[in-house]
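Here's the structure we're looking at; comments come further down.
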Amino acid sequence: MATYIKKSSFLSDLKSFDGKTVQKSDILLMKKKFEPLLGAQFNVLSLPEELLMAFEPSQVGSIVGNLIDACIPFLSKITDSELISAIGLSKNEGILGEREGYPDYLHSSGLRVELKLIFVDNPDIKMRKPPTKREPSARLTQKVTFKNVIPEKDLLLVIAYALKEDKKKSNYYVPTIIGFDLFPVIDCIIARDKRMYEAGSGVWFGNYETPTVLSKKGQNKLIQGQRLIYSYGTKENEGCDFNLDTNFGKLKRIPYPALQKFISISNLKRLLKKSNKTHQ
């Protein structure tokens, strides 16, 4: 049987973080400093209008997301100005030689910033529509846990962006920041992990290393009152009572009210509409 974190142990760990979070005054100050991000364009990817008709919105989101992820060390060079350095962010070197460490940035104030991107479909642009809606892939992964978060210093920066006409090239479209918000990372991961334990649907294995969900076999055993075996696999056909949670940490699934309000469809539409007025 693999080592796992029981609910009682999780709740005990949770208590050690009571009252520890980034001060609201610090968040408000950071929001003010980050205001120059609004309207910034990632000019490394400028697409002609006719080409966009061959893409689905989620495909563009994946392309841009992967591109920005790979280019994080050079973000100030692929926007339309030196905004990133101007607002006090510098790339965090991370640990163990990983391409993407945690957090993404260090701020000149001493706070630390983890960046997540949300793609907003611009209905004014003709694109190929998918047969079904797809869930945004942005997530606060299992690499971000109680073990490496500094509660009083770490902020989650969620940037909403949409394709807007290139300011320098007519009939070309580039990813453009239409809004952002900041949230204490500790509050987000507490909400994320509490959801897993309170729903009774999964547990952490190892020392906050592998998040899991009950497999179909595990769910049936739970319904029948049978004892669960605490081991996990990656696929249903492996026959374990738990499976690796491949959807773990998706922002849409983190029940933190302020975060959900920002990434709600109604708010993202509002941000896009406001941006369109500013862009005219």
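Owing to the predicted nature of the structure, the values given are computational and were not obtained by experimental measurement.
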message = Using side chain to side chain contact (heavy atoms under 4.5 Å, CB included), reason through Val213 and Phe242 one step at a time and then give a plain yes or no.
response = CA-CA 6 Å; Val213 292; Phe242 293 86; over 6 Å; no

request  = Under the side chain to side chain contact (heavy atoms under 4.5 Å, CB included) rule, collect the residues that match up with Pro48, sequence neighbours excluded.
outcome  = Glu50, Leu51, Tyr172

query = Under 3.5 Å, is there a donor-acceptor pair between the side chain of Lys116 and the main chain of Arg139?
reply = yes

task = Using atom types as modelled and distance alone, determine if a side-chain donor or acceptor of Glu114 lies under 3.5 Å from a backbone N or O of Leu155.
result = no

query = OG1 of Thr234 to CG of Asp245: how many Å apart, nearest 0.5 Å?
reply = 13.0 Å

task = Indicate yes or no: does Lys216 engage Glu236 in a salt bridge with an N to O separation below 4.0 Å.
result = no

task = May I ask you to test the Leu222-Leu214 pair for a side-chain heavy-atom distance under 4.5 Å?
result = yes

key: Backbone of Cys240 reached by a side-chain donor or acceptor of Lys217 within 3.5 Å   = no

note = Taken in chain and number order and not counting sequence neighbours, the residues that satisfy side chain to side chain contact (heavy atoms under 4.5 Å, CB included) with Leu106 are Ser90, Asn92, Arg112

Could you list the donor-acceptor pairs under 3.5 angstrom formed between side-chain atoms of residues 188-205 and any protein atom two or more places apart in sequence or on another chain?
unit_1 : atom_1 : unit_2 : atom_2 : d
Arg192 : NH1    : Leu140 : O      : 2.9
Arg192 : NH1    : Thr141 : O      : 3.0
Arg192 : NH1    : Val144 : O      : 3.1
Arg192 : NH2    : Val144 : O      : 2.8
Asp193 : OD2    : Trp204 : NE1    : 3.1
Arg195 : NE     : Arg253 : O      : 3.3
Tyr197 : OH     : Ile5   : O      : 2.6
Tyr197 : OH     : Trp204 : N      : 3.1

query = When you measure from the side chain of Asp154 to the backbone N and O of Ile150, does any donor-acceptor pair fall under 3.5 Å?
reply = yes

key: Short side-chain donor-acceptor distance under 3.5 Å, Ser264 and Gln260   = no

task = Could you grab the distance from atom CD1 of Ile118 to atom CD1 of Ile177, nearest 0.5 Å is fine?
result = 13.0 Å

ask   = Could you state the interatomic distance from CZ (Arg270) to OG (Ser266), rounded to the nearest 0.5 Å?
value = 8.5 Å

query = Which pairs with one or both residues in residues 35-44 pass salt bridge (Lys or Arg N to Asp or Glu O under 4.0 Å), sequence neighbours excluded?
reply = Lys32-Glu35

task = Taking side chain to side chain contact (heavy atoms under 4.5 Å, CB included) as the test, write out the residues that go with Asn237, two or more places apart.
result = Lys235

Crowding at NZ, Lys24 (>12 non-hydrogen neighbours, <6.0 Å) = no

ask   = Would Lys31 and Asp181 satisfy salt bridge (Lys or Arg N to Asp or Glu O under 4.0 Å), going step by step from the backbone distance to the final call?
value = CA-CA 7 Å; Lys31 285 182 179 181; Asp181 209 341; 2.9 Å; yes

message = Would you compute the distance between atom OH of Tyr105 and atom CG of Leu89 and round it to the nearest 0.5 angstrom?
response = 6.5 Å

inquiry  = According to a hydrophobic-cluster definition based on side-chain heavy atoms being under 4.5 Å apart (Ile, Leu, Val, Met, Phe, Trp, Tyr only), do Val174 and Leu38 belong together?
reply    = no

key: Side-chain touch Phe180/Leu271, heavy atoms, less than 4.5 angstrom   = no

message = Would you say that Ile178 contacts Tyr161 through its side chain, given a criterion of any heavy-atom pair below 4.5 Å between the two side chains?
response = no

inquiry  = Just so I know, are the side chains of Met127 and Gln59 near enough to count as touching, which here means a heavy-atom distance under 4.5 Å?
reply    = no

inquiry  = Is the shortest side-chain heavy-atom distance between Leu157 and Asp104 below 4.5 Å?
reply    = no

key: Pairwise distance CG(Leu156) to OH(Tyr256) - rounded to 0.5 angstrom   = 10.0 Å

ask   = Pro151 and Phe17: which non-hydrogen atoms are nearest, and at how many Å?
value = CG-CD2, 3.5 Å

query = Does Arg128 reach the main-chain N or O of Ala54 with its side chain, forming a donor-acceptor pair under 3.5 Å?
reply = yes

Inter- and intrachain pairs under salt bridge (Lys or Arg N to Asp or Glu O under 4.0 Å), touching residues 2-12, at least two apart = none

remark   = Across all chains, not counting sequence neighbours, the salt bridge (charged side-chain N to carboxylate O under 4.0 Å, His left out) partners of Asp187 are none

request  = Can you see which heavy atom on Ala162 is nearest to which on Leu272, and at what distance?
outcome  = CB-CD1, 3.8 Å

inquiry  = List the residues meeting salt bridge (charged side-chain N to carboxylate O under 4.0 Å, His left out) with Lys250, not counting sequence neighbours, and say none if there are none.
reply    = Glu135

message = Please tell me whether Leu11 and Tyr4 are part of a single hydrophobic cluster in this structure, the criterion being side-chain heavy atoms less than 4.5 Å apart.
response = yes

Test side chain to side chain contact (heavy atoms under 4.5 Å, CB included) applied to Leu14 and Phe146, step by step = CA-CA 9 Å; Leu14 199 58; Phe146 291 153; 3.7 Å; yes

note = Hits for salt bridge (charged side-chain N to carboxylate O under 4.0 Å, His left out) against Asp26, two or more places apart or cross-chain, chain-then-number order -> none

task = Please report the closest heavy-atom contact between Phe34 and Ile87, naming both atoms and the distance.
result = CD1-CD1, 3.6 Å

ask   = With sequence neighbours left out, what residues match Asp241 under salt bridge (charged side-chain N to carboxylate O under 4.0 Å, His left out)?
value = Lys221

key: Heavy-atom pair of closest approach, residues Lys153 and Gly110   = CD-O, 3.6 Å

ask   = Do Glu152 and Lys20 have side chains that get closer than 4.5 Å, going by heavy atoms?
value = yes

inquiry  = Quick check against the 3.5 Å criterion: does Thr246 have a side-chain atom that pairs as donor or acceptor with the backbone of Leu244?
reply    = no

ask   = Under 3.5 Å, is there a donor-acceptor pair between the Asp166 and Ser46 side chains?
value = yes

query = So, do Val158 and Phe262 sit near enough that their side-chain heavy atoms are less than 4.5 Å apart?
reply = yes

key: Listed partners of Glu49 passing side chain to side chain contact (heavy atoms under 4.5 Å, CB included), at least two apart   = Asn171, Tyr173

task = Heavy atoms only: give me the nearest Pro184-Thr21 pair and the separation to one decimal.
result = CB-OG1, 3.1 Å

query = Has the side chain of Glu165 got a donor or acceptor atom that lies under 3.5 Å from a matching backbone atom of Ser170?
reply = no

Audit row: Leu163, Val120, side chain to side chain contact (heavy atoms under 4.5 Å, CB included) steps and yes/no = CA-CA 8 Å; Leu163 289 176; Val120 182; over 6 Å; no

request  = Please assess His107 against Met30 for the test side chain to side chain contact (heavy atoms under 4.5 Å, CB included), listing each intermediate value before the final yes or no.
outcome  = CA-CA 9 Å; His107 191 262; Met30 289 286 279; 3.6 Å; yes

request  = Applying ring pair (Phe, Tyr, Trp, His ring centres under 6.0 Å), name anything that partners Phe183, two or more places apart in sequence or on another chain.
outcome  = none

task = Could you tell me which non-hydrogen atom of Lys164 sits nearest to which non-hydrogen atom of Ser275, and how far apart they are?
result = NZ-OG, 2.7 Å

inquiry  = What I'd like to find out is whether the side chain of Thr210 reaches to under 4.5 Å of the side chain of Gln142, using heavy atoms alone.
reply    = no

